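The shown structure was predicted, so the numbers you read here are calculated from the model rather than taken from an experiment. Just follow the structure's listing: the first ligand is 1, and inside any ligand the first atom is 1.
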Amino acid sequence: MASARLDLDGNPIKPITICMIGAGGFIGSHLCEKLMNETPHKVFALDVYNDKIKHLLEPDTLPWAGRIQFHRLNIKHDSRLEGLIKIADLTINLAAICTPADYNTRPLDTIYSNFIDALPVVKYCSENNKRLIHFSTCEVYGKTIGSFLPKDSALRQDPAYYVLKEDESPCIFGSIEKQRWSYACAKQLIERLIYAEGAENGLEFTIVRPFNWIGPRMDFIPGIDGPSEGVPRVLACFSNNLLRGEPLKLVDGGQSQRTFVYIKDAIEAVLLMIENPARANGQIFNVGNPNNEVTVRQLAEMMSQVYSKVSGEAPLEKPTIDVSSKEFYGEGYDDSDKRIPDMTIINRQLGWNPKTSLWDLLESTLTYQHRTYAEAIKKVIAKPVAS
Ligand SMILES: NC(=O)c1ccc[n+]([C@@H]2O[C@H](COP(=O)([O-])OP(=O)(O)OC[C@H]3O[C@@H](n4cnc5c(N)ncnc54)[C@H](O)[C@@H]3O)[C@@H](O)[C@H]2O)c1
Ligand SMILES: O=c1ccn([C@@H]2O[C@H](COP(=O)(O)OP(=O)(O)O[C@H]3OC[C@@H](O)[C@H](O)[C@H]3O)[C@@H](O)[C@H]2O)c(=O)[nH]1
């Protein structure tokens, strides 16, 4: 008999049933895969789409058949939601509009999706005494304190002015006409509501703040498995440019900084939260890789090099072009300047650390992108344009 799986305190882990909302998305697909491959837990996978988890649902001879059940539903208006939360032990809410191109162009949908639509989920968990793991974002920190200092101030180099700490850092957003912040603000308010449900009504919750998780199946490639005019997050934008042999577009000079973490490292952290409720309840966790910091320009350069290695194609002579944010995203765009997660709390509670370097995670991700999309792109490019 296989030995019992133990939690971080040495107690056997009991199989549970998880109601995962937004399970058909990028993070959800990796989390479902991990839960099916490595744990005995059951999953109700709720989403409006299931393309990214089809390989886990069919055929029904898969070793985990019966442990994952897909429910096609929109949480905006579906009475089945409460029933599913009630019969599960834990709810994980991933559902959201979470691509920056939408924040300033579809601010109402963004606010509804990230705040209003999440309200019933919190309410049903609280009323039925069910544990909730809610996905927020690193964007709740907004801009760093350091970004307001004079450009030549030595304090800009002091981590006290830029490292983002769950229990200390303020949330700093732009003015209301900078609609970019509609997303961060809605996420902040739902965090505050969940925290208040914990304080006043005893809701058992964990809030996750992902810092740019990237990897296979993130977003879509415009014109292949998503709308031609769609603007996904940066990994898919740059992948699309590389696949088409076009220069990568640097918004406002590509000076913003990000830390990227490999999806498979980040999913390990989520599994630890799921299986160690006593250590995760009542916590807000940064989940990122502080060692993988680059400017967007450096990311573009590294992706060009890695793509050339995995595809065997020579890099473009002019690998990037500059574009203004107004041209690329439209009116109301703004940006986070720098995002370094403090890792103290997740280290202390769960002993988690990211492992994969930026080069390595780009290599496995771009190998996937090339294998999945290169042929389809070639066909689209070869097609004569209809007159
Ligand atoms: N990927 C990241 O680096 C990152 C960073 C910060 C925060 N997050 C947060 O993590 C969560 C998941 O992100 P992701 O990258 O997997 O995004 P994603 O867009 O790939 O996944 C979200 C999923 O939710 C589903 N969904 C949205 N609205 C729904 C509704 N009303 N009913 C049912 N399903 C609905 C979508 O169909 C999609 O499959 C989001 O809450 C996002 O804000 C992600
Ligand atoms: O083609 C592109 C796309 C994006 N960019 C830039 O690349 C940076 C990263 O852009 P992304 O689209 O990945 O999104 P951001 O990192 O700004 O926000 C993301 O972070 C946290 C999550 O909540 C969301 O998934 C999303 O809001 C931004 O500075 C953006 O302006 C480009 O320079 N060129």
Write out the residue and atom name of the closest protein heavy atom to [atom], then the distance separating them to 0.1 Å.
atom                    : value
atom 27 (C) of ligand 1 : Ala96 N, 3.6 Å
atom 14 (O) of ligand 2 : Pro100 CG, 3.3 Å
atom 37 (O) of ligand 1 : Asp47 OD1, 2.7 Å
atom 2 (C) of ligand 1  : Arg233 NH1, 3.6 Å
atom 23 (O) of ligand 2 : Tyr183 OH, 2.4 Å
atom 4 (C) of ligand 2  : Tyr329 OH, 3.3 Å
atom 33 (O) of ligand 2 : Val251 N, 2.9 Å
atom 25 (O) of ligand 2 : Arg233 NH1, 2.8 Å
atom 41 (O) of ligand 1 : Lys187 NZ, 2.9 Å
atom 5 (C) of ligand 1  : Pro210 CB, 3.5 Å
atom 20 (O) of ligand 2 : Arg339 NH1, 3.1 Å
atom 32 (N) of ligand 1 : Ile75 N, 3.0 Å
atom 6 (C) of ligand 2  : Val296 CG1, 4.0 Å
atom 26 (N) of ligand 1 : Ala95 CB, 3.7 Å

List ligand 2 atoms under 4.0 Å from [X], heavy atoms only on the residue side.
X      : value
Cys98  : 24 (C), 25 (O), 26 (C)
Leu250 : 33 (O)
Tyr103 : 24 (C), 26 (C), 27 (O)
Thr137 : 21 (C), 22 (C), 23 (O)
Ser256 : 29 (O)

For ligand 2, note which part of [X] has a heavy atom under 4.0 Å away: side chain, backbone, both or neither.
X      : answer
Leu299 : neither
Gln255 : neither
Glu139 : side chain

For [X] and ligand 2, answer yes if some heavy atom of the residue is under 4.0 Å from a ligand atom, otherwise no.
X      : result
Tyr333 : yes
Gly254 : no
Arg180 : yes

Checking [X] side chain against [Y] main chain: does a donor-acceptor pair fall under 3.5 Å?
X      : Y      : result
Asp89  : Thr17  : yes
Thr99  : Asp102 : no
Asp337 : Thr144 : yes
Asp265 : Thr356 : yes
Arg67  : Thr39  : yes

Pair Arg209 + Glu139: basic N to acidic O under 4.0 Å: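 Between Glu139 and Arg209 there is no salt bridge, as every charged N stays at least 4.0 Å from the carboxylate O atoms.
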
A student checking ligand 1 against Gly22 at a 4.0 Å heavy-atom cut-off should list atoms 23 (C), 24 (O), 25 (C)

Atoms of ligand 1, numbered as shown, that sit under 4.0 Å from any heavy atom of Tyr49: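 Listed by number with element, the hits are 37 (O).
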
From the candidates [options], the one that places a heavy atom nearest [atom]:
atom                    : options                        : result
atom 44 (C) of ligand 1 : Thr137, Ile27, Asn50           : Ile27
atom 20 (O) of ligand 1 : Phe26, Phe220, Trp213, Phe211  : Phe26
atom 9 (C) of ligand 1  : Ser29, Ser136, Cys98           : Ser136
atom 11 (P) of ligand 2 : Asp335, Val234, Thr320         : Val234
atom 40 (C) of ligand 1 : Ile97, Leu94, Leu46, Ile263    : Leu94
atom 30 (C) of ligand 1 : Asn212, Asn74, Asp78           : Asn74
atom 1 (O) of ligand 2  : Ala300, Gly288, Cys237, Ala96  : Cys237
atom 34 (N) of ligand 2 : Arg258, Lys249, Arg297, Lys187 : Lys249

Are side-chain N/O atoms of Thr344 and Asn347 paired as donor and acceptor at under 3.5 Å? no

Short side-chain donor-acceptor distance under 3.5 Å, Ser325 and Asp252: yes

Hey, is Leu73 one of the residues with a heavy atom under 4.0 angstrom from ligand 1?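 A heavy atom of Leu73 does come that close to ligand 1.
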
Judged by non-hydrogen atoms, does Ser113 sit under 4.0 Å from ligand 1?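 Per 4.0 Å heavy-atom rule, Ser113 does not contact ligand 1.
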
N/O of Cys138 under 3.5 Å from N/O of ligand 2, yes or no?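 N/O-N/O distance under 3.5 Å: no.
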
Candidate pair Phe211 and Leu164, rule side chain to side chain contact (heavy atoms under 4.5 Å, CB included), full reasoning: CA-CA 11 Å; Phe211 280 64; Leu164 303 169; 3.9 Å; yes

Could you walk me through whether Lys355 and Asp360 satisfy the salt bridge (charged side-chain N to carboxylate O under 4.0 Å, His left out) test, starting with their C-alpha distance in whole Å, then the side-chain angles of each, then the deciding distance to 0.1 Å, before giving a yes or no? CA-CA 10 Å; Lys355 301 182 204 119; Asp360 288 353; over 6 Å; no

Parallel, tilted or perpendicular, judged at 30° and 60°: which one describes the rings of Trp181 and Phe173? parallel

Report yes if some N/O of Gly28 lies less than 3.5 Å from some N/O of ligand 1; otherwise report no. no

If we only count N/O pairs under 3.5 Å, is Tyr183 in contact with ligand 1? yes

Assert yes or no for the condition that the ring centre distance of Tyr307 to His370 is strictly below 6.0 Å.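 Yes: the rings meet the under 6.0 Å criterion.
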
